[in-house]
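Okay, structure first, notes after.
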Amino acid sequence: MPELPEVQTVVATLETLIKDRKIVQVEILYPPIIGNDDTFESNVINQSFRSFSRKGKFLILGLDRGYLVVHLRMEGKFYVVKQDYLIDKHTHVIFHLDDGTLLLYHDVRKFGRINYIKRIEDHAGLNRLGHEVWDPLCDINYLKEKTANKRVAVKTMLLDQSIIAGIGNIYANEILFEARIHPELPSNQLSDEALQLILDKTKEILEAAIEAGGTSIRSYTSQLGVTGLFQQSLKVHGKENEPCLVCATPIVKKQVNGRGTYFCTVCQKVK
DNA sequence: AGATCTACCCGCACGC
DNA sequence: TGCGTGCGGGTAGATC
């Protein structure tokens, strides 16, 4: 599933492939993807893709007027293909571009969303995002303020997009392993040192993953569904029963707030 | 009233 | 083969 680094890769790749391309026709095969918005087609038709950015895991595609805000959720992918491309049953939105190519939105689970908005502040999801970890405002004091009354597990806190934007389940597991913090530690019990460690490790891990995505993308041309680039670097996520790389204790998997959580009970003891 | 929990969306993978 | 269940990001709505 696309995490922030993959979203960053998709943004960069889309920019190289469709910048300044005009949308000449739209086919909506599964309307819930665009929020069942009757005005979607008329809003985007004859507009060109001008800007490409990301906030958290949301892609923000700037048109001449307004924006397409996209969340790929678990399995959303974009493809840029020739007109004779065979469309399969998981393709839900087709944008016909002025150079004869098609921008396809493909999503096996149909969980992703593409919303047209006139102004950035019109998007509820974007509005509630917290700072990104690279924002100078995202410091210990900010985290202390945000976690002051939070008894939820630190793992759950990391997944809360209104605190730090862009951390997904895979990276939450990796961050806490690198920081040697037990995923079920209540958020308001984190020491200053632990909070700083979380910030440092989050930056480190996401930057390494973005770098990996950035280098691997060269082997892809039209397919933007780039996943698994960072897989070989994962230390605990998906490693149930495999030996911890530090102490060889088998990695444990358990549900924390309904999400699969992987950790080492020895290295991440403090709870 | 704010924090937290639960159900939901969806289709595939997996196990019995 | 067929059926039941788990999974997961974000959000609406319920509940603590």
Side-chain angles (χ1 to χ4, degrees), chain A residues 1-8 10-11 28-37 54-60 68-78 87-93 105-115 117 120 122-133 143-176 183-190 202 206 209 225 227-228 230-231 234 236-241 251-263:
Chain A
M1 63 212 70
E3 291 251 0
L4 184 150
E6 287 82 8
V7 173
Q8 179 66 41
V10 172
V11 167
I28 299 155
L29 305 173
Y30 184 74
I33 298 287
I34 55 142
N36 297 305
D37 176 3
R54 173 194 64 67
K55 186 167 182 194
K57 286 177 278 185
F58 289 91
L59 289 89
I60 305 173
L68 289 179
V69 178
V70 182
H71 200 298
L72 302 170
R73 295 287 182 96
M74 270 81 77
E75 311 215 18
K77 297 174 175 67
F78 279 114
I87 305 299
D88 75 9
K89 64 172 180 174
H90 300 303
T91 296
H92 308 305
V93 184
Y105 180 73
H106 182 278
D107 189 340
V108 171
R109 295 278 168 90
K110 300 178 175 173
F111 270 20
R113 291 294 178 262
I114 303 175
N115 295 113
I117 52 168
I120 290 293
D122 293 340
H123 194 278
L126 285 178
N127 275 336
R128 68 171 70 87
L129 290 182
H131 297 313
E132 292 217 347
V133 74
L143 277 189
K144 280 168 87 166
E145 189 184 308
K146 284 286 195 180
T147 58
N149 303 315
K150 284 213 178 293
R151 283 159 296 180
V152 291
V154 56
K155 164 85 180 326
T156 303
M157 184 273 288
L158 289 179
L159 293 175
D160 184 341
Q161 302 299 304
S162 73
I163 300 178
I164 302 174
I167 301 176
N169 198 42
I170 295 173
Y171 293 114
N173 285 321
E174 296 297 312
I175 290 161
L176 292 174
E184 292 179 296
L185 182 73
S187 304
N188 57 4
Q189 289 180 28
L190 289 161
T202 301
L206 291 180
T227 54
F230 199 58
Q231 295 282 324
L234 298 180
V236 287
H237 185 86
K239 308 287 187 185
E240 185 179 16
N241 294 328
I251 298 298
V252 164
K253 178 186 185 185
K254 74 176 287 191
Q255 298 294 117
V256 175
N257 198 42
R259 296 292 179 250
T261 301
Y262 300 84
F263 62 107

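Letters go in sequence order (proteins before strands), and every chain restarts at 1.
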Candidate nucleotides [options], ranked by approach to the side chain of [X] - the nearest:
{"X": "A/Asn257", "options": "C/dG8, B/dT4, B/dT6", "result": "B/dT6"}
{"X": "A/Arg109", "options": "C/dG10, B/dC10, B/dC5", "result": "B/dC10"}
{"X": "A/Lys253", "options": "B/dT6, C/dC7, C/dG10", "result": "C/dC7"}
{"X": "A/His71", "options": "C/dG8, B/dA3, C/dG10", "result": "C/dG10"}
{"X": "A/Arg73", "options": "C/dG9, B/dA3, C/dT11", "result": "C/dG9"}
{"X": "A/Tyr30", "options": "C/dG8, B/dC10, B/dA3", "result": "B/dC10"}
{"X": "A/Arg128", "options": "B/dC9, C/dA12, B/dG11", "result": "C/dA12"}
{"X": "A/Asn149", "options": "B/dC12, B/dA3, C/dG8", "result": "B/dA3"}
{"X": "A/Gln161", "options": "B/dC12, B/dA3, C/dG10", "result": "C/dG10"}

Atom [atom1] of [X] and atom [atom2] of [N]: how far apart are they, to the nearest Å?
{"X": "A/Asn36", "N": "B/dC9", "atom1": "CG", "atom2": "P", "result": "13 Å"}
{"X": "A/Tyr105", "N": "B/dC10", "atom1": "OH", "atom2": "P", "result": "13 Å"}
{"X": "A/Met74", "N": "C/dG6", "atom1": "CE", "atom2": "C1'", "result": "12 Å"}
{"X": "A/Arg151", "N": "C/dC16", "atom1": "CZ", "atom2": "P", "result": "14 Å"}
{"X": "A/His106", "N": "B/dC12", "atom1": "NE2", "atom2": "P", "result": "10 Å"}
{"X": "A/Leu129", "N": "C/dG10", "atom1": "CG", "atom2": "C1'", "result": "11 Å"}
{"X": "A/Asn188", "N": "B/dA3", "atom1": "CG", "atom2": "C1'", "result": "12 Å"}
{"X": "A/Ile33", "N": "B/dC10", "atom1": "CD1", "atom2": "P", "result": "9 Å"}

[N] OP1/OP2 closer than 4.0 Å to side-chain N/O of [X]:
{"X": "A/Arg259", "N": "C/dG9", "value": "yes"}
{"X": "A/Gln255", "N": "C/dC7", "value": "yes"}
{"X": "A/Lys110", "N": "B/dG11", "value": "yes"}
{"X": "A/Lys150", "N": "B/dT4", "value": "yes"}
{"X": "A/Arg113", "N": "C/dT11", "value": "no"}

Any heavy-atom pair between the side chains of [Y] and [X] that's under 4.5 Å?
{"X": "A/Ile167", "Y": "A/Leu4", "result": "no"}
{"X": "A/Asn169", "Y": "A/Lys155", "result": "yes"}
{"X": "A/Asp160", "Y": "A/Lys150", "result": "yes"}

CD1 on A/Ile28 to CD1 on A/Ile114, rounded to 0.5 Å: 9.0 Å
Under the side-chain hydrogen bond (donor to acceptor under 3.5 Å, both in side chains) test, residues paired with A/Glu75 that sit two or more places apart: none
Touch class at under 4.0 angstrom, heavy-atom based, for A/Glu3 against every strand present: nothing
Sugar-phosphate only, base, or nothing, as touched by A/Gly260 at under 4.0 Å among non-hydrogen atoms: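 The answer is sugar-phosphate, as A/Gly260 gets under 4.0 Å only of primed atoms, P, OP1 or OP2.
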Side chain A/Asn173, main chain A/Tyr262, donor-acceptor under 3.5 Å: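 Confirmed, A/Asn173 side chain pairs with A/Tyr262 backbone.
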C/dT1 - base-pair partner by Watson-Crick or wobble geometry, distances under 3.5 Å: none
